[in-house]
Amino acid sequence: MRRTAGEAVPGRVLLVGAGPGDPELLTLKALRALRRASVVLVDDLVSDAVLRLAPRRARVVHVGKRGGCAGTPQQFIERLMVAEARNGETVVRLKGGDPAIFGRSGEEAAALRAHGVPVEVVNGITAGLAAATAIGAPLTHRDHAHGVIIVTGHARSGSATLHWPTLASAAAQGLTLVVYMGVASAAELQHGLLQGLPAQTPVALVQNASLASQRDWRCTLADLAATIRREQVASPAVIVVGDVLHALHDLAARGEAQQRVA
Ligand code: SAH
């Protein structure tokens with residue numbers, strides 16, 4: 001049945017943050033949304049443990065690389081969400097971390113609203129925050145940092161690329177850098193950052209933060225790319241750069257680093 005302009009769409013879409021993987025890091029709001037879902041569209045980064053919380057009756061569609069060859073095209077996902085909402089479904093679009101941090105929630109929400117589909121965004125704990133906590137690094141420890149820069153190491157093709165030396169100068173003022181999607185471009189990132197930060201600046205790498213499979217490493221900025229190569233650090237991983245990592249020793253000694261899920 002074709003819906004005419006102005007006619008209310010009976011369903012709705014919730015863009016829900018699944019957090020970094022540990023289901024205990026889901027918000028109550030995310031859990032409630034998931035339990036009410038009749039259709040769940042899942043990204044690759046959503047852990048199986050979180051997905052198991054979806055109701056049995058819900059139709060689950062994998063729209064990441066696991067579900068379609070090279071990642072299901074964005075337009076297809078948007079069309080699917082619109083169609084399901086028009087059918088009266090409660091669609092949960094489950095995304096790793098927070099939907100608004102490198103999660104395309106802005107473009108998806110705009111596309112849905114343009115079709116008259118009611119949309120709600122539900123926060124999740126973003127990977128960088130979970131990674132830092134998992135290794136016991138307070139990102140804004142006041143002895144070491146005034147703030148945090150969350151940045152992607154993987155600029156969208158065609159868009160202006162980041163100028164790492166400028167970012168390094170900003171970080172040298174006392175800002176912690178948290179780099180997402182930076183593993184593949186680590187050599188370039190290291191080269192650029194070394195133009196504004198000392199070679200001995202501490203770096204942490206956290207792969208699969210909050211999951212039982214979590215692995216993490218410490219190195220210096222000068223060793224970043226070599227460490228990634230040697231240890232075969234793979235995606236998903238975040239890179240934390242800055243003096244707040246000096247605080248790790250004190251915290252580890254007090255046993256304050258967060259436990260991982262079994
Ligand atoms: N919306 C997500 C980020 C998506 S971009 C969020 O808020 O967390 C994908 C990148 O996120 C990965 O390349 C990696 O840098 C980071 N990431 C996601 N989950 C992660 C995890 N469990 N551990 C470490 N990094 C993770």
Side-chain angles (χ1 to χ4, degrees), residues 14-27 29-30 33-34 41-51 62-66 70-72 74 77 92-109 121-137 139 148-157 159 162 167 176-186 188-190 203-218 224-225 227-228 231-241 245 257-262:
L14 297 106
L15 307 176
V16 177
D22 177 355
E24 297 217 323
L25 293 177
L26 270 182
T27 64
K29 207 166 187 175
L34 190 54
L41 305 189
V42 195
D43 270 352
D44 277 344
L45 283 173
V46 174
S47 71
D48 293 338
V50 168
L51 200 50
H62 289 273
V63 292
K65 292 186 183 107
R66 280 196 277 183
T72 315
Q74 191 63 21
I77 297 171
V92 163
R93 170 86 167 102
L94 201 52
K95 289 164 174 279
D98 186 272
I101 300 290
F102 309 126
R104 299 190 178 176
S105 70
E107 50 197 275
E108 290 187 5
V121 180
V122 178
N123 282 126
I125 293 182
T126 190
L129 297 185
T133 302
I135 60 167
L139 290 179
V148 185
I149 300 176
I150 289 181
V151 65
T152 172
H154 175 86
R156 186 157 95 170
S157 56
S159 69
L162 261 175
L167 203 66
T176 308
L177 281 180
V178 181
V179 186
Y180 289 54
M181 295 172 272
V183 168
S185 55
E188 186 192 333
L189 199 146
Q190 172 183 331
V203 171
L205 296 153
V206 188
Q207 183 180 327
N208 291 333
S210 87
L211 291 165
S213 54
Q214 177 179 309
R215 297 202 301 157
D216 47 83
W217 301 264
R218 293 285 312 278
L224 170 60
T227 305
I228 288 178
E231 302 293 333
Q232 301 185 340
V233 181
S235 184
V238 292
I239 304 170
V240 181
V241 181
L245 294 167
Q258 207 178 64
Q259 297 296 311
R260 298 165 203 174
V261 280

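Atoms within each ligand, like the ligands themselves, are counted from 1 in listed order. Just so it is clear, the structure is predicted and the values come from calculations on it, not from any experiment.
Proximity to Leu45 (heavy-atom distance under 4.0 Å) selects the following atoms of ligand 1: 9 (C), 18 (C). Less than 4.0 angstrom separates some heavy atom of Val206 from each of these atoms of ligand 1: 24 (C). Heavy-atom contacts of Gly96 reach the following atoms of ligand 1: 1 (N), 2 (C), 6 (C), 7 (O) (cutoff under 4.0 Å). Using a 4.0 Å cut-off to heavy atoms of Asn208, the atoms of ligand 1 that qualify are 22 (N), 23 (N), 24 (C).
Under a 3.5 Å cut-off, the side chain of Thr152 and the backbone N or O of Met181 do not form any donor-acceptor pair. Judged by distance alone, the side chain of Asp22 and the main-chain N or O of Glu24 form a donor-acceptor pair under 3.5 Å.
Considering only non-hydrogen protein atoms, atom 7 (O) of ligand 1 sits nearest to Thr126 OG1, 2.6 Å. In this structure, atom 4 (C) of ligand 1 lies nearest to the protein heavy atom Phe102 O, 3.5 Å. At the shortest separation from atom 21 (C) of ligand 1 among protein heavy atoms lies Ala209 N, 3.5 Å. The shortest contact between atom 22 (N) of ligand 1 and any protein heavy atom is with Pro20 O, 3.0 Å. Protein heavy atom nearest atom 19 (N) of ligand 1, with residue, atom name and distance: Ala127 CB, 3.6 Å.
For Ala130, no heavy-atom contact with ligand 1 is shorter than 4.0 Å. With a heavy-atom cut-off of 4.0 Å, Leu211 does not touch ligand 1 at all. Contacts of Val179 with ligand 1, taken as heavy-atom pairs under 4.0 Å, are absent altogether.
The N/O atoms of Ile101, backbone and side chain alike, include one that comes under 3.5 Å of an N/O atom in ligand 1. Looking at ligand 1, you'll find an N or O of Asp98 within less than 3.5 Å of one of its N or O atoms. For ligand 1, the polar-atom distance check finds an N/O of Ala237 within less than 3.5 Å of one of the ligand's N/O atoms. The shortest N or O to N or O distance between Tyr180 and ligand 1 is not under 3.5 Å. Taking any N or O of Met181, backbone or side chain, at least one lies under 3.5 Å from an N or O belonging to ligand 1.
The only option from Asn123, Thr27, Thr126 that meets the side-chain hydrogen bond (donor to acceptor under 3.5 Å, both in side chains) definition with Asp98 turns out to be Asn123.
Of the inter-residue distances, the one linking Leu224 atom CG with Leu205 atom CG reads 6.0 Å to the nearest 0.5 angstrom.
Counting heavy atoms from C-beta on, the side chains of Leu15 and Arg104 never come closer than 4.5 Å.
Within the 4.0 Å heavy-atom shell around ligand 1 one finds Ser235.
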